[in-house]
Each structure stands twice: as C-alpha cells, then as structure tokens.
Trainee: 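This is the structure, below, for whatever I ask next.
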Amino acid sequence: MASKGSQNGEFSFATSPTIARGRHGLPKIHTEKKKEEDEICHDDSAPPVKAKTLDELHSLQRKKSAPTTPITGTQGAFGATLSEEERHRQQLQSISASLASLTRETGPKVVRGDPARSGETPRVEHVTHHHYAPTFAVSDSALKFTHILYNLSPAELYEQAIKYEKGSFITSSGALATLSGAKTGRSPRDKRVVKDETTEDELWWGKGSPNIEMDEHTFLVNRERAVDYLCSLEKVYVNDQFLNWDPNHRIKVRIVSARAYHSLFMHNMCIRPTPEELENFGTPDFTIYNAGQFPCNRYTHYMTSSTSIDMNLDRREMVILGTQYAGEMKKGLFSLMHYLMPKRGILSLHSGCNIGKGGDVALFFGLSGTGKTTLSTDHNRYLIGDDEHCWSENGVSNIEGGCYAKCIDLSREKEPDIWNAIKFGTVLENVVFDEHYREVDYTDKSVTENTRAAYPIEYIPNAKIPCVGPHPKNVILLACDAFGVLPPVSKLNLAQTMYHFISGYTALVAGTEDGIKEPTATFSACFGAAFIMLHPTKYAAMLAEKMKKHGATGWLVNTGWSGGSYGSGSRIKLAYTRKIIDAIHSGTLLKANYTTAEVFGLEIPTEIEGVPSEILNPENTWSDKKAYKDTLLKLGGLFKKNFEVFTNYKIGADNKLMEEIVAAGPNF
C-alpha cells in the first residue's frame with residue numbers, strides 16, 4: 001500500500017520499515033527465494049524452451065511429416081532398392097525432367113521447399129537430357145534455383161495463397177475464396193489439339209467438333225514459353241496425383257502451376273495419393289504446364305488471342321497460357337480420358353452416378369439446368385461421383401477425387417450437402433463476401449455468374465469411398481424441355497438411347513429483343529461435346545454395347561415444362577420427377593403399361609405411383625391441341641437438323657447401325 005509524500009510528491013511504501021534507495025531516490029526491489037515451508041500454492045511453472053533463438057523455436061513448432069501408411073519394402077518405382085534420400089533425389093530429378101527445355105541439355109536446378117523459409121538446407125537436382133536439338137550458351141535462368149513446393153497440404157496452400165496471391169481470403173465457413181482473374185470460365189475457342197499422323201485419323205475434326213487443330217512445332221513453341229516462364233519464377237507448385245478410382249486403369253498426372261490456388265484446386269479435384277503411393281509415384285503418364293496469367297505470343301501460328309490451351313496426345317502434355325481459370329485443368333484431363341479410355345475398351349462419360357443400398361447403379365446425363373446434380377444427389381443412395389466417370393469391364397468408377405459445384409444462388413435449404421461441403425480445404429472461385437465478417441453472398445454476381453466451389457468428394461456425407469460400383473442398371477438421360485412436348489418420362493430401346501445420347505438435348509429460355517421469352521433448343525453431343533475427342537457415334541456405340549451386355553435400361557426424363565411451352569405451361573414439379581426417379585431405381589417402372597407417342601415414337605407409361613396420370617402424356621396437358629402438334633413437329637425438325645452432321649459418319653462396313661440410330665429419331 002502506498003501513501004503520498006507531503007512535500008516532494010514521492011510515493012512511500014508502508015510494506016517495509018526501511019527502504020533502500022537507488023538512483024534518483026527510487027526504491028530498490030529486492031527478491032529472495034521463498035523458504036520451502038512458506039510455499040502456499042503449487043508451482044506450475046514450466047521449464048524454459050530449449051531453443052536459443054526465434055528461428056530455433058519456430059523450427060521446433062513443425063515436426064517432419066512421416067508416411068501414415070507403411071512403406072512395403074524398399075523397392076521404388078524406378079526398379080531399385082532405394083533409401084528415403086534416394087527416393088527424394090529421384091523425385092526431384094523427375095520434376096527437373098518435366099520442367100526441362102527441349103533446346104537445352106539439362107533441366108533446371110530444382111530445390112525442394114519454400115524459398116521464404118530461412119535456415120533450410122536445399123536439396124538441389126537437375127537432370128541431363130540426350131537429344132539432337134541445338135544447344136545454346138548458358139543463360140541467367142540456368143544459374144538460378146527453382147523451388148519446388150511439392151504436394152503441399154491444404155493448410156500449407158492456404159498460407160501460400162493468403163501471403164502471396166492478392167484476392168485470397170478465408171471466408172467465415174473456413175473455405176478459401178480466390179479470384180481467377182480476367183477469365184471466369186473456359187475458353188473453348190482457344191483450345192487446340194496437335195494434329196499428327198495418328199490423331200488425324202483417330203480424333204473427331206470438322207463441323208461440330210470441339211477439336212481445333214495445331215501443329216507439333218506450334219505446340220513446342222508454346223510449351224517452351226510456358227516452361228521458361230515457370231522456371232523463371234522463384235517457386236512453382238507441383239502436384240503428383242491420380243485419375244480414375246479403378247486401380248487397374250489409373251492414370252498418373254503431374255500438374256506444374258504458378259499459383260497456390262491452382263495447386264489446391266487440383267489437390268481437391270484429382271485423386272489424392274497416399275504417402276506410400278506418392279513415394280513410389282515415378283514418372284507421370286501426363287503433365288500439365290499451367291503458366292496462368294502469362295500470355296501466349298499472338299504472332300504465333302494458330303493463336304487467335306493471348307489465351308491458348310494446347311494438348312499434345314503423343315507427348316502426353318498440356319500447356320495453359322493466358323488464363324487463370326482452374327476449370328481448364330479439370331476439363332483438359334477429362335478430354336485426355338475421353339481419348340485414352342476408349343482405346344482400352346473403357347467408356348468415358350460426362351455423367352453423375354449413384355448406387356442404391358442394394359447395389360443398383362444409375363448414370364445421370366444432362367446439360368446445365370436439367371437437374372443432374374440435384375437428382376443424382378439422393379440421401380437414400382450413395383454418391384459415386386457428380387460429373388466424370390468410366391465404365392469398364394469391372395463396372396463404373398469416378399475419374400475424379402472431388403466435386404466442382406456451381407454456387408450461384410446456393411442456399412442451405414436447396415443444396416444442404418454442397419452448403420456443408422464449403423468448409424476448410426474448399427476453394428471458392430470468384431464469390432463475393434462481406435469485407436468484415438467474410439460471409440459469402442451467393443446471390444451476388446458482381447464478379448461472375450459462374451461462381452464455383454471445389455472440394456474433396458469425402459466432404460459429401462453419403463459419398464461412396466472408394467468411388468466405384470458394379471455395372472449400371474439404369475441410364476437416365478435428362479432434358480429440360482421448355483417446349484413442353486416431351487413426356488415426363490419415357491422408356492428407350494437401345495437405338496433410341498444412342499440417338500438421344502448423341503443429340504444431348506435440352507432447351508434454354510432466352511430473351512428476345514422485344515422482351516418476349518421463348519425456348520431455344522440446345523444440343524451437345526454425348527451431353528458433353530466440349531470435352532469429347534472421338535466422333536460421338538463411337539461413344540454411343542460403346543454405350544449401347546455395354547448396356548446390352550449388362551442388361552441396363554435407358555430412360556429419357558423431362559424436367560422441363562408441361563401443359564404448354566415456357567410462358568404458358570408450368571414446370572414439372574420436382575416432387576413428381578423424384579417419384580419417377582424412385583420408380584426407375586426400384587424397378588417398378590419396368591413393369592408398367594406403356595403407350596407409344598407420335599413423332600418421337602417414345603414409350604410412355606400410363607401410371608406411376610405419386611404422379612398424376614394425366615401429365616404422363618404431354619398431349620393431355622395442352623388445351624390447344626393444334627399448338628401442341630405444331631410445337632411437337634417444330635422440336636422434331638430441330639432434332640433432325642442437328643443430327644444431319646452425324647448421318648454421314650459410317651459405323652461398321654455396312655453402316656446398318658447408323659441407319660438404325662437415325663430411324664430411332666423423330667419420324668414425320
């Protein structure tokens with residue numbers, strides 16, 4: 001307790017009768033050790049840390065990661081008995097080889113680790129290449145190290161993105177919000193495929209095809225540009241991952257990118273290797289060089305803008321220049337699978353897939369707005385995947401390790417599974433959020449309407465892990481028919497399934513100049529024309545062959561309008577569509593009675609439990625029968641016109657299969 005002095009304003013302490021004075025008359029503080037008998041409480045003080053510097057203390061905070069799965073033996077992917085140090089050395093050599101220029105004798109000097117972390121001893125490697133290309137004098141890039149951030153964890157990638165990439169933030173749910181720059185969607189007009197002696201005959205070229213040709217030399221020019229840019233950076237991100245959950249047909253992919261956002265995106269979207277699989281990864285089957293914002297040279301042959309997405313199937317490489325939109329990597333790999341898998345007799349599919357508790361598998365095909373995601377997500381069934389699949393001799397398998405969901409107008413009520421999957425580890429692309437609370441406004445389209453979330457598939461509670469299943473029992477083709485003339489459901493024979501699969505129909509509602517809205521037919525071959533590599537009839541023939549062999553049934557389900565076209569009719573209720581899907585899953589719809597509709601020749605059930613019988617035949621729901629017939633013929637004509645591009649393609653020596661497919665379309 002202190003009392004104030006009367007004259008000089010100093011404080012005096014009443015706790016001690018005599019006080020030693022120090023400099024300026026201030027009291028000295030005396031400390032003395034307590035006697036053991038004087039202790040009145042437990043001494044909970046901790047011993048001091050062992051570190052003598054802050055750097056030492058920070059190094060103690062992080063311990064070295066160890067494989068969580070045992071390494072079975074020491075036989076490496078390179079065919080020799082390898083120590084851990086040797087495995088790491090060969091990993092770096094493999095990455096150096098991937099980043100090598102085609103005009104130099106050695107790959108870049110690569111070092112593993114973050115350049116920002118001081119005190120870490122780098123392991124430096126480069127690899128020598130033997131070829132007949134001209135070599136040049138040493139350059140500045142050959143004198144520097146390229147730091148490799150290899151298969152970082154989501155937490156590490158969060159740190160990198162937030163520290164180094166402007167526009168990266170942690171949202172209130174824990175997801176990482178980021179921006180994809182000027183491009184907020186794919187650039188299909190800038191996608192190129194090398195046309196050589198092999199691909200000239202194998203791939204689908206010409207009218208309607210997504211494949212735009214480029215030559216080998218131009219690809220190498222763009223590859224050199226991307227590799228030089230990546231090697232000029234202080235650090236690059238390298239992901240070694242897998243495609244296809246079927247272990248017999250798994251593809252090893254390597255993604256080299258300039259952004260933590262891209263690395264985390266692919267970490268989520270590809271299949272994540274176990275530590276043991278990563279140690280024995282070896283040489284990849286396919287490599288992506290993603291130079292992101294660094295543009296291509298517009299004066300290069302075949303270039304039409306500063307963006308170019310180039311694929312060389314012979315070299316098993318893909319180059320991305322002038323776009324930071326991460327979806328280019330995902331869909332580029334899907335295009336690769338559309339080429340590689342059919343060569344193995346495996347059908348690659350742009351579809352959703354789920355499996356019932358009894359083991360019955362269903363495939364869902366549909367373009368945007370048809371309800372593919374909503375209908376394939378069923379809490380009474382397990383999700384195998386939402387977008388990309390393979391159908392092999394073993395059954396179905398998901399190609400990916402994650403989901404890429406649209407976020408516009410997302411709500412907890414409408415899509416609870418997607419909503420709950422947006423948490424730590426998820427990438428949120430181009431969303432808008434509150435600057436203080438970081439709460440995302442999914443209705444805000446300020447950046448783009450194409451807002452997306454990329455997350456691991458295990459974030460979905462009813463996902464089936466591993467993502468594989470037996471042969472499908474049902475193949476469901478979804479169409480949102482805004483013309484209102486297709487039945488809510490119809491059973492298809494094999495020829496009809498092929499016809500509608502090749503057509504890939506839905507209808508969009510577009511505004512005309514005078515403000516009147518009318519439906520617009522949209523066709524996308526195989527329900528994914530932008531990604532297929534071969535002619536659509538090849539995929540259709542494989543689908544029919546597998547359906548016939550394994551006894552699968554085809555269905556056409558209309559989730560669009562009834563009782564009139566858009567503007568006069570009404571949207572078919574989701575509850576009715578779910579009842580239809582349930583009847584397909586249970587097998588009861590196979591036992592129903594059917595009638596045949598005119599023009600399209602579709603088989604329509606007369607009764608489904610929980611669905612009003614009067615809406616099953618669309619003609620019954622139109623009050624103006626003439627308008628119905630005119631609209632039906634109009635849509636039939638649109639189908640015929642769209643199919644003209646395919647009719648000249650022969651399947652088999654006698655071409656009978658193509659004739660059967662054409663005959664399964666509208667007839668009038």
Side-chain angles (χ1 to χ4, degrees), residues 68-69 77 151 239-255 265-278 280-282 284-286 288 329-357 359-365 372-373 376-378 381-405 417 421 425 454-473 475 528 531 539 542-543 546 550 552:
T68 54
T69 54
N151 275 55
N239 292 42
D240 280 349
Q241 295 183 252
F242 298 115
L243 299 177
N244 198 351
W245 282 84
D246 183 346
N248 296 323
H249 302 291
R250 179 170 282 184
I251 302 297
K252 297 186 294 183
V253 294
R254 172 169 291 165
I255 303 100
F265 178 91
M266 295 308 283
H267 169 88
N268 290 347
M269 295 310 303
C270 294
I271 299 169
R272 293 157 290 283
T274 65
E276 181 181 20
E277 290 169 334
L278 196 58
N280 297 285
F281 191 83
D285 301 313
F286 191 83
I288 293 178
M329 296 182 288
K330 165 187 160 67
K331 291 305 185 184
L333 291 177
F334 191 30
S335 295
L336 170 73
M337 296 297 278
H338 271 311
Y339 174 73
L340 292 181
M341 292 298 103
K343 293 170 77 73
R344 301 184 183 187
I346 300 168
L347 177 61
S348 48
L349 301 165
H350 187 210
S351 70
C353 182
N354 65 25
I355 181 171
K357 295 175 182 178
D360 59 296
V361 170
L363 294 172
F364 292 82
F365 295 88
K372 181 182 72 170
T373 302
S376 62
T377 304
D378 187 332
R381 298 171 66 83
Y382 299 107
L383 181 70
I384 292 177
D386 74 331
D387 196 41
E388 302 175 9
H389 293 88
C390 286
W391 188 351
S392 71
E393 72 280 2
N394 303 320
V396 293
S397 57
N398 191 347
I399 290 174
E400 302 179 293
C403 302
Y404 194 35
D417 286 343
Y455 49 85
I457 193 167
E458 54 265 31
Y459 281 17
I460 299 295
N462 65 328
K464 183 183 181 300
I465 308 293
C467 303
V468 296
H471 297 286
K473 183 179 178 182
V475 174
F531 322 119
Y539 300 103
M542 288 183 71
L543 177 63
K546 290 184 180 295
H550 301 289

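Nothing here was measured: the structure is a model prediction, and the numbers come from that model.
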Trainee: Is there a side chain to side chain contact (heavy atoms under 4.5 Å, CB included) between Lys330 and Phe265? Walk through the geometry before answering.
Mentor: CA-CA 9 Å; Lys330 165 187 160 67; Phe265 178 91; 4.1 Å; yes

Trainee: Does Leu340 form a side chain to side chain contact (heavy atoms under 4.5 Å, CB included) with Phe286? I'd like the steps, not just the answer.
Mentor: CA-CA 11 Å; Leu340 292 181; Phe286 191 83; over 6 Å; no

Trainee: Taking the side chain as every heavy atom from C-beta outward, state whether Leu333 and Ile288 have any atom pair closer than 4.5 Å.
Mentor: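 Heavy-atom side-chain distance check passes, below 4.5 Å.
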
Trainee: With heavy-atom distances below 4.5 Å as the criterion, would you say the side chains of His389 and Asn398 are in contact?
Mentor: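 The answer is yes; the side chains approach within 4.5 Å.
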
Trainee: Whether the Asn244 and Ser397 side chains hold a donor-acceptor pair (N or O, under 3.5 Å, no angle test) is what I'd like checked.
Mentor: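 Yes - a donor-acceptor pair under 3.5 Å links their side chains.
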
Trainee: Would you say the side-chain atoms of Lys331 pair up with the backbone N or O of Ser335, donor to acceptor, closer than 3.5 Å?
Mentor: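 Flag not set: sc Lys331 to bb Ser335 has no pair under 3.5 Å.
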
Trainee: Any salt bridge between Lys372 and Asp387, counting N to O under 4.0 Å?
Mentor: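 Result for this pair is yes, salt bridge flagged.
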
Trainee: Going by an N to O cut-off under 4.0 Å, is there a salt bridge joining Arg254 and Asp240?
Mentor: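 The answer is yes: the pair qualifies as a salt bridge.
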
Trainee: Given side chains that start at C-beta, do those of Asn462 and Arg381 come closer than 4.5 Å, heavy atoms only?
Mentor: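 Heavy-atom side-chain distance check fails, nothing below 4.5 Å.
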
Trainee: First locate atom OG of Ser392, then atom NE2 of His249, and finally report the distance between them rounded to the nearest 0.5 Å.
Mentor: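 One gets 4.5 Å once the value is rounded to the nearest 0.5 Å.
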
Trainee: Side chain of Trp245, backbone of Glu400: donor and acceptor closer than 3.5 Å?
Mentor: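 Pair found, side chain donor or acceptor close to backbone of Glu400.
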
Trainee: Quick one: pull up CD in Gln241 and CD1 in Ile271 and give me the separation to the nearest 0.5 Å.
Mentor: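 One gets 9.0 Å once the value is rounded to the nearest 0.5 Å.
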
Trainee: Which atom pair, heavy atoms only, marks the closest approach of Phe242 to Lys252?
Mentor: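 Closest heavy-atom pair between Phe242 and Lys252: CE2-CG, 3.6 Å.
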
Trainee: On the 0 to 90° scale, with breaks at 30° and 60°, tag the Tyr455-Tyr459 ring pair as parallel, tilted or perpendicular.
Mentor: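 Ring orientation, 0 to 90° scale: parallel.
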
Trainee: Between the main-chain N or O of Ala454 and the side-chain N or O of Asn268, is there a donor-acceptor pair closer than 3.5 Å?
Mentor: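 It does hold such a pair.
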
Trainee: What class does the angle between the rings of His550 and His471 fall in, given that below 30° is parallel, 30 to 60° is tilted and above 60° is perpendicular?
Mentor: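 Parallel, since the angle between the ring planes stays under 30°.
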
Trainee: Which atom pair, heavy atoms only, marks the closest approach of Ser348 to His338?
Mentor: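 Shortest heavy-atom separation between Ser348 and His338 comes out as OG-ND1, 2.6 Å.
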
Trainee: Quick one: does any side-chain atom of Asp417 pair with a main-chain N or O of Ile460 as donor and acceptor, under 3.5 Å?
Mentor: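 Looks like no, no N/O pair under 3.5 Å.
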
Trainee: Could you pull out the closest heavy-atom pair between Leu347 and Tyr539, with the gap in Å?
Mentor: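 Between these two residues, the closest heavy atoms are CD1-O, 3.6 Å.
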
Trainee: Taking the side chain as every heavy atom from C-beta outward, state whether Ser376 and Ile384 have any pair of such atoms under 4.5 Å apart.
Mentor: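 Side chain of Ser376 against side chain of Ile384, heavy atoms only: no contact under 4.5 Å found.
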
Trainee: So Phe531 and Glu388, do their side chains get closer than 4.5 Å, heavy atoms only?
Mentor: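 They are not in side-chain contact.
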
Trainee: To the nearest 0.5 angstrom, please state how far the CG atom of Asn239 sits from the CE atom of Met269.
Mentor: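 Interatomic distance, Asn239 CG to Met269 CE, rounded to 0.5 Å: 13.0 Å.
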
Trainee: Does any part of the side chain of Met337, heavy atoms only, come nearer than 4.5 Å to the side chain of Ile346, both counted from C-beta?
Mentor: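 A side-chain contact under 4.5 Å is absent here.
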
Trainee: Are the charged groups of Glu393 and Arg344 less than 4.0 angstrom apart, N to O?
Mentor: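 Looking at Arg344 together with Glu393, the answer is no, because their closest N to O distance does not fall below 4.0 Å.
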
Trainee: Between the main-chain N or O of Gly401 and the side-chain N or O of Arg272, is there a donor-acceptor pair closer than 3.5 Å?
Mentor: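 It does hold such a pair.
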
Trainee: Taking atom CG of Asp285 and atom CG of Leu243, what is their separation to the nearest 0.5 Å?
Mentor: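 The CG atom of Leu243 is 9.0 Å from CG of Asp285, to the nearest 0.5 Å.
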
Trainee: Indicate the atoms forming the closest heavy-atom contact of Phe365 with His350, along with that distance.
Mentor: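 Heavy atoms only, the tightest pair is CD2-O, 3.4 Å.
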
Trainee: Minimum heavy-atom separation for Ile255 to Cys270, with atom names?
Mentor: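 Looking at all heavy atoms of both residues, the closest pair is CD1-SG, 4.4 Å.
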
Trainee: Do Asp246 and Asn394 meet the criterion of a side-chain donor-acceptor pair at a distance under 3.5 Å?
Mentor: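 Side chains of Asp246 and Asn394: pair found under 3.5 Å.
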
Trainee: Ignoring hydrogens, what is the shortest heavy-atom contact between Lys357 and Tyr382? Give both atom names and the distance.
Mentor: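 Taking Lys357 first and Tyr382 second, the nearest heavy atoms are CG-CE1, 4.0 Å.
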
Trainee: Quick check for you: to the nearest 0.5 Å, what is the distance between Ile465 atom CD1 and Ile457 atom CD1?
Mentor: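 One gets 5.5 Å once the value is rounded to the nearest 0.5 Å.
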
